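Each remark here refers to the structure printed beneath this line.
For clarity, every value in this text was computed on a predicted model and none was experimentally measured.
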Amino acid sequence: MSGTPMIRNTLALALALGLATAAHADEGMWMPTQLPDLAAQMKAAGFEGDPAGLADVTAPPLSAVVRAGGGTGSFVSPDGLLLTNHHVAMGVIQYNSSPEDNIIDNGFVAAGRHAERPANPDFRVVVTTAFDKVTDQVLAAAKGKTGRAYHDAIEQASKQIVAECEADGSVRCSVANMYYGSDFYRIAQVELQDVRLVYAPPRAIGNYGDEIDNFMWPRHTGDFTLLRAYVGPDGKPAPYSEHNVPYRNPAFLRLSSEGPKEGDYAMLAGYPGTTFRHRSAAEFASQIDQVLPRRVALFQQMIDTIAAASAGDAVATQRYASQLQGLKNNRKRAAGELEGLLRSDAKAQRAADEAAMLAVTPRAQRRQIDALFAQLSAGAQVGERDLLLQQVTGATQLLRSALLLERLRIEAAKPDALRETGYQARDLAILEGTLKQVQRRFDPKVEKALLAHVLGRYQQLPDAQRVAEFDAAFGRTPAELAAKLDALYAGTTLGDEANRLAQFERAKAGQPLGEDPLLALAAPLVQAQLRLEHEAKTREGESLRLRPAYMQALFAWRNSQGRALYPDANRTLRISYGKVESINPRDAVTWSPVTTVAGIVEKNTNAYPFDAPKPLLEAIAKGDWGNTADPALGTQTVNFLTNLDTTGGNSGSPVLNARGELIGLNFDSNWESVSASWWFDPRYKRAVHVDMRYMRWLMDKVYPAHDLLAEMGVPVR
């Protein structure tokens with residue numbers, strides 16, 4: 001890996017210089033360790049605390065912020081009470097809902113802790129307890145290697161670090177890749193397995209407006225839910241048991257008695273998913289020209305397929321409610337991202353920016369960058385195939401179970417350290433939870449319909465993208481596909497939970513699986529997946545080896561422009577800061593940064609999705625706001641806007657004021673800024689939050705839970 005140490009050292013210098021010149025609070029998802037270097041900017045923006053204190057993930061307020069399911073949450077009491085979004089907890093709500101007890105539509109308020117309902121077995125809350133740089137340790141074994149060997153060296157070094165970190169059994173660890181192979185960090189976390197549903201507003205509050213209002217402003221949505229985390233009597237994480245006790249987190253956030261107003265300082269901490277702002281011009285072009293149009297079309301067709309297959313079946317509708325909501329969100333997000341990137345002419349701007357950067361990049365470094373571009377091109381050519389095969393697994397329950405069991409059987413025959421990540425001994429509990437939750441998320445006619453659509457699209461791919469094992473398993477025509485799916489689902493017994501778990505016991509022992517048509521099908525399909533995985537890891541290894549050269553050039557170029565230098569988001573703890581701010585989305589249009597309950601009434605049609613619950617409308621008409629009314633507006637607020645830098649995964653992130661008090665709960669972005677995962681435009685980037693005063697009012701006056709308010713230290717009067 002000739003020249004790589006120089007690249008890493010130069011990059012480190014560029015990063016240090018860049019932190020000193022980053023001028024705008026608006027842009028940046030900062031690692032906690034970077035915040036002491038941003039102290040002057042944060043103080044100038046209005047932060048009243050010590051920015052250096054935010055570098056410690058084990059100290060308040062960051063120690064109260066956790067990863068919850070696919071989003072973020074925060075502890076709001078000393079007894080494990082956890083606040084997150086309604087849509088983040090939708091899988092938990094759906095898991096506990098039925099046609100006879102429809103808590104999706106009706107909401108849920110636990111009548112005491114004994115009545116709190118267990119989450120789905122694969123739901124986790126993860127508390128970060130350490131964050132340490134391990135770059136040299138990870139890269140040492142990769143020196144001189146290329147391709148798959150480079151990838152495997154990085155992976156094995158990371159696994160060794162994880163094994164050492166987890167040796168005492170108290171934490172779950174991972175190694176995070178920052179700046180695309182330039183830096184690596186060891187992260188230690190406590191993984192809480194027993195999570196319970198405490199309070200959820202009705203769907204027509206938690207998801208008021210559904211897809212019509214999704215990513216839109218003005219917004220009037222109470223997108224919040226309260227959960228509670230439990231541990232064993234010994235204080236250690238444990239599966240659900242009636243003998244478990246509430247988790248005592250070292251810190252929890254306190255709700256502010258005041259609300260936000262325009263210009264106020266605001267700060268957000270959370271676990272943003274993935275951003276791509278430091279990607280190449282070719283990757284920008286591929287995203288705009290191919291990836292996003294493909295996703296919009298596929299997700300919309302999957303939405304239509306589920307809706308048609310579950311029509312008139314209340315049980316199937318309940319079972320697919322969470323998946324359907326996720327698909328709707330992903331489809332609209334992809335559409336908004338495409339529209340935003342086209343609006344900003346991001347492809348041309350990124351190409352021009354990259355060309356200017358490369359013009360001043362040394363020749364030796366350019367050779368590595370050119371080699372990187374070749375690898376990226378090879379991966380893009382199989383993008384549609386990979387998306388479809390990903391959905392074959394990710395959008396199904398029984399077929400996914402069969403593939404999981406066969407892969408586990410194969411991995412179980414290896415020494416634990418050599419198993420694929422996700423199939424080691426440390427992963428068995430979550431794998432078992434995945435198999436257990438199937439029963440409440442599966443309907444055979446819906447799954448067959450989904451597979452018929454996704455695999456039908458796969459059958460239309462050119463021969464160069466086809467996979468022989470999938471062709472043999474499902475045929476080459478729609479008629480062959482339909483016949484094979486009918487036979488598979490008529491003959492399988494994996495729909496029975498006891499049988500799935502019995503197969504799990506065999507798989508984790510490396511024993512042959514029982515006779516079943518889906519398991520028989522899984523054997524060749526997993527072999528195909530392994531072959532495709534090898535090809536992908538070979539490309540990924542070259543990317544890990546070569547992209548630091550691109551990053552050196554990019555960060556040196558950004559530094560010369562005085563622009564912010566922060567790592568792309570990757571599901572690790574990040575902090576953004578800025579202010580409450582209005583928006584001017586179009587000529588002669590200005591939107592206030594705060595909405596009120598008046599907008600709920602204005603939008604209400606008494607029909608889905610603007611079917612505000614009767615108790616809510618009655619409470620609004622009564623006008624008794626208790627102690628939660630905005631003093632200037634004289635009424636109850638609902639949502640507010642900030643210019644905080646967010647993306648997917650920040651759902652449920654707490655929004656704090658200048659004193660570190662909780663004022664809001666992040667749940668969305670405005671339509672004009674959906675493309676910010678790739679292209680940040682400060683004119684349009686806004687984040688949408690639930691005003692905590694609205695949550696307090698609902699829990700006081702509309703769907704009362706005074707005991708929970710008291711637990712959060714909130715005076716009702």
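- Contact between W678 and L341 at its shortest, heavy atoms only, is CB-CD2, 3.9 Å.
- Ring geometry, W30 versus Y566: the interplanar angle exceeds 60°, so the pair is classed perpendicular (tilted spans 30 to 60°).
- If you take CZ on F47 and CD on Q41, they are separated by 13.5 Å, rounding to the nearest 0.5 Å.
- With sequence neighbours left out, the side-chain contact (heavy atoms from CB on, under 4.5 Å) criterion links N244 to D194, R196, Y230, P233, A238, S241.
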> Taking it one step at a time, do N249 and Y247 satisfy side-chain hydrogen bond (donor to acceptor under 3.5 Å, both in side chains)?
Replying inline: CA-CA 6 Å; N249 195 58; Y247 174 66; 3.2 Å; yes

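- For the pair E339 and K332, the salt-bridge criterion is not met [side-chain N within less than 4.0 Å of a carboxylate O].
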> Passes side-chain hydrogen bond (donor to acceptor under 3.5 Å, both in side chains), T646 versus K685? Steps please.
Replying inline: CA-CA 9 Å; T646 61; K685 179 66 186 84; 3.1 Å; yes

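- Using a 4.0 Å cut-off between charged side-chain N and carboxylate O, R277 and D568 make no salt bridge.
- A distance of 6.0 Å or more separates the ring centres of F224 and H86.
- Scored by the salt bridge (Lys or Arg N to Asp or Glu O under 4.0 Å) test, R113 finds D79, E711 as partners (sequence neighbours excluded).
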>> Is there a side-chain hydrogen bond (donor to acceptor under 3.5 Å, both in side chains) between N214 and E211? Walk through the geometry before answering.
In response: CA-CA 5 Å; N214 192 16; E211 284 311 289; 3.2 Å; yes

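- The pair E116-R228 meets the salt-bridge criterion, with a side-chain N (NZ, NE, NH1 or NH2) lying under 4.0 Å from an Asp/Glu carboxylate O.
- Using a cut-off of 4.0 Å between Lys/Arg side-chain N and Asp/Glu carboxylate O, R203 and D210 are scored as not salt-bridged.
- Under the salt bridge (Lys or Arg N to Asp or Glu O under 4.0 Å) criterion, K261 pairs with D264, not counting sequence neighbours.
- Between Y179 and F555, a ring centre-to-centre spacing shorter than 6.0 Å is recorded.
- Considering T72, N570, T128 as possible partners of Y271, the one that fulfils the side-chain hydrogen bond (donor to acceptor under 3.5 Å, both in side chains) test is T128.
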> Do L82 and V66 pass the side chain to side chain contact (heavy atoms under 4.5 Å, CB included) test, and can you show the C-alpha distance, the side-chain angles, and the key distance before you say yes or no?
Replying inline: CA-CA 9 Å; L82 179 78; V66 300; 3.4 Å; yes

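- Between W679 and F284, the ring-plane angle classifies as perpendicular under the 30° and 60° cut-offs.
- For R558 and D353, the salt-bridge test passes: some basic side-chain N is under 4.0 Å from an acidic carboxylate O.
- Here the CG atom belonging to L616 is positioned 4.5 Å from the CD1 atom belonging to I205, to the nearest 0.5 angstrom.
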